[in-house]
Amino acid sequence: MAKKKRQVMRLMVRLDLLGVAGCGKSTIARLVVKKGLTVSSSTASKRAAIRAYRITEEAGWKQRALLRIPVLREALLANRIEIGEKSAFARFAAKYDAFLAIVHESFVLSGRSQYRRAEGYYHFLRTVRRIAFLEEWLEDEAVLFDESLSQKVYAVMPWDWGNEAHAERYFEDMPLPTALIHLDADADQVVRQVRERERATGKLIPSHRGLGDDELLKHTEASLDIARIGAACLQARGCQVLSLWASETPCVNAKKINNLLSKYAPGEGSV
């Protein structure tokens, strides 16, 4: 008699998207999520919260029943996510204390304004808490992080230029993703795109505010170097790196990411 296949539940597949602000990461991420081989972090968090409710002792049958009521579901899931992120981050901090020490040192040395430092620290912690929670509770799902842990290197750098040594230390100690999507770009092209979007929508990326064209070009070139350092460091540590160019259309780049994602599709872990 042929043996039945046993489905092996796997941990979350974490895909980090890394590229300079304004190069088109968010557009590509939306196209990839739309294809259905990966989910957004918000959707993944709800699924992880449901799993946590189902298998933890704290969730009795009454709470499981309440989850079926639409008017209560969102509030219950939000509460479970908040609790789960807090406890998961505590375990993350104990495991990756050296990495967090490097981040803390960068903030202490920061020459940026108090507001920029506080904003960067808040966004860094929010991203880490979410990733720690998902890695603990999400199974057999691929999540593409636009605001990834790799991308957070920009939030914690002490200043805008001359960050090469800090970037190397960040990526050498950062918890590895399953794979890195490195979106490289031409600095002049990024500046053109940023200015075109500013004229069309009136919106400007916070880190670009108050910068003239020459300053923005210099800032973009420095940021591109940091992303390249990150890709090289993670690849040297054994992380799979998919290199893309922003000059390609978003659809083409999304297709390449989906080809990579097909390797991690549910069912590939069957034995």
Side-chain angles (χ1 to χ4, degrees), residues 5-52 81 84-85 88 92 126-154 171 174-185 224 227-228 230-271:
K5 285 188 175 182
R6 177 171 57 86
Q7 185 71 22
V8 175
M9 295 301 291
R10 303 168 308 162
L11 299 178
M12 175 185 74
V13 173
R14 177 181 139 219
L15 300 176
D16 279 12
L17 189 53
L18 173 62
V20 298
C23 69
K25 298 188 306 299
S26 297
T27 301
I28 294 172
R30 284 194 294 270
L31 290 172
V32 173
V33 170
K34 187 176 180 180
K35 186 70 175 179
L37 294 179
T38 183
V39 295
S40 66
S41 63
S42 59
T43 299
S45 293
K46 292 179 182 179
R47 293 181 182 178
I50 291 171
R51 180 172 181 267
I81 291 169
E85 286 185 352
F92 178 97
R126 187 177 66 174
T127 298
V128 172
R129 282 166 59 100
R130 179 59 53 89
I131 290 170
F133 173 63
L134 291 178
E135 289 192 328
E136 187 167 304
W137 288 107
L138 192 68
E139 280 194 324
D140 220 21
E141 290 270 18
V143 185
L144 177 63
F145 290 90
D146 178 7
E147 284 300 314
S148 67
L149 191 55
S150 298
Q151 188 69 20
K152 287 295 111 180
V153 66
Y154 296 116
F171 286 107
M174 188 193 85
L176 284 176
T178 307
L180 176 75
I181 315 299
H182 173 215
L183 186 59
D184 209 345
L224 285 167
R228 290 162 187 158
C233 283
L234 295 187
Q235 189 167 42
R237 293 177 59 194
C239 177
Q240 182 174 2
V241 176
L242 174 63
S243 296
L244 305 175
W245 276 95
S247 57
E248 293 277 10
T249 66
C251 289
V252 168
N253 281 327
K255 184 176 181 180
K256 291 179 180 178
I257 296 174
N258 282 324
N259 288 338
L260 172 65
L261 277 164
S262 64
K263 292 176 53 180
Y264 304 106
E268 294 295 317
S270 297
V271 295

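The figures here come from the full heavy-atom set of this structure, side chains too, leaving out hydrogens, waters and symmetry mates.
One finds the NZ atom of K152 at 4.0 Å from the OG1 atom of T127 (value rounded to the nearest 0.5 Å). From E136, atom CD reaches atom CD1 of I131 across 14.0 Å, with rounding to the nearest 0.5 Å. Taking OG1 of T178 as the start and CG of L144 as the end, the distance is 11.5 Å to the nearest 0.5 Å. If you take CG on D184 and CD on E248, they are separated by 12.5 Å, rounding to the nearest 0.5 Å. To the nearest 0.5 angstrom, L134 atom CG is 11.5 Å from R47 atom CZ. Put simply, CG on L17 and CD1 on I28 are 6.5 Å apart, with the number rounded to the nearest 0.5 Å.
Here the closest heavy-atom approach between residue S150 and residue L180 is recorded as OG-CD1, 3.7 Å. Shown here for R228 and A185, the closest heavy-atom pair between the two residues is NH2-O, 3.4 Å. Heavy-atom minimum distance, A48 versus F133: CB-CE2, 3.8 Å. Counting all heavy atoms, side chain and backbone alike, Y154 lies closest to G19 at CE1-O, 3.9 Å. A49 and I81 get closest at one heavy-atom pair: CB-CG1, 3.8 Å. Heavy atoms only, all atoms of each residue included: V128 and F92 are closest at CG1-CE2, 3.5 Å.
In this structure, L18 and I181 have side chains that are not in contact, with every pair of non-hydrogen atoms separated by 4.5 Å or more. Residues F145 and P177 have side chains not in contact (no heavy-atom distance under 4.5 Å, counting atoms from C-beta outward). Contact check for V13 versus L15: side-chain heavy atoms found under the 4.5 Å cut-off. Taking the side chain as every heavy atom from C-beta outward, I50 and W137 never approach each other to under 4.5 Å.
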#### Entry: Test side-chain contact (heavy atoms from CB on, under 4.5 Å) applied to R130 and E85, step by step
CA-CA 6 Å; R130 179 59 53 89; E85 286 185 352; 2.5 Å; yes

### Task
Show your working on side-chain contact (heavy atoms from CB on, under 4.5 Å) between Q151 and D146 and close with a plain yes or no.
CA-CA 8 Å; Q151 188 69 20; D146 178 7; 5.8 Å; no

#### Entry: Step-by-step side-chain contact (heavy atoms from CB on, under 4.5 Å) determination, N258 to V32
CA-CA 7 Å; N258 282 324; V32 173; 3.6 Å; yes

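A donor-acceptor contact shorter than 3.5 Å is absent between the side chain of N253 and the backbone of L244.
Applying the salt bridge (charged side-chain N to carboxylate O under 4.0 Å, His left out) test to every pair with at least one member in residues 22-44, sequence neighbours left out, gives no pairs at all. Residue pairs meeting the salt bridge (charged side-chain N to carboxylate O under 4.0 Å, His left out) criterion with at least one partner in residues 11-20, sequence neighbours excluded, are R14-D16, R14-E135.
Scanning for side-chain hydrogen bond (donor to acceptor under 3.5 Å, both in side chains) contacts around T38 gives an empty result, with sequence neighbours left out. Taking the side-chain hydrogen bond (donor to acceptor under 3.5 Å, both in side chains) definition, one finds that R129 meets it with nothing, sequence neighbours left out. Taking the side-chain hydrogen bond (donor to acceptor under 3.5 Å, both in side chains) definition, one finds that S40 meets it with S42, T43, sequence neighbours left out.
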Hey, can you pull the donor-acceptor pairs under 3.5 Å for the side chains in residues 233-242, sequence neighbours left out?
| residue | atom | partner | partner atom | Å |
| --- | --- | --- | --- | --- |
| R237 | NH1 | F171 | O | 2.6 |
| R237 | NH1 | E172 | O | 3.3 |
| R237 | NH1 | M174 | O | 2.7 |
| R237 | NH2 | M174 | O | 3.1 |
| Q240 | OE1 | K263 | NZ | 3.3 |
| Q240 | OE1 | Y264 | OH | 3.0 |

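When the shell of 6.0 Å around NZ of K256 is examined, it contains more than 12 heavy atoms from other residues, nucleotides or ligands.
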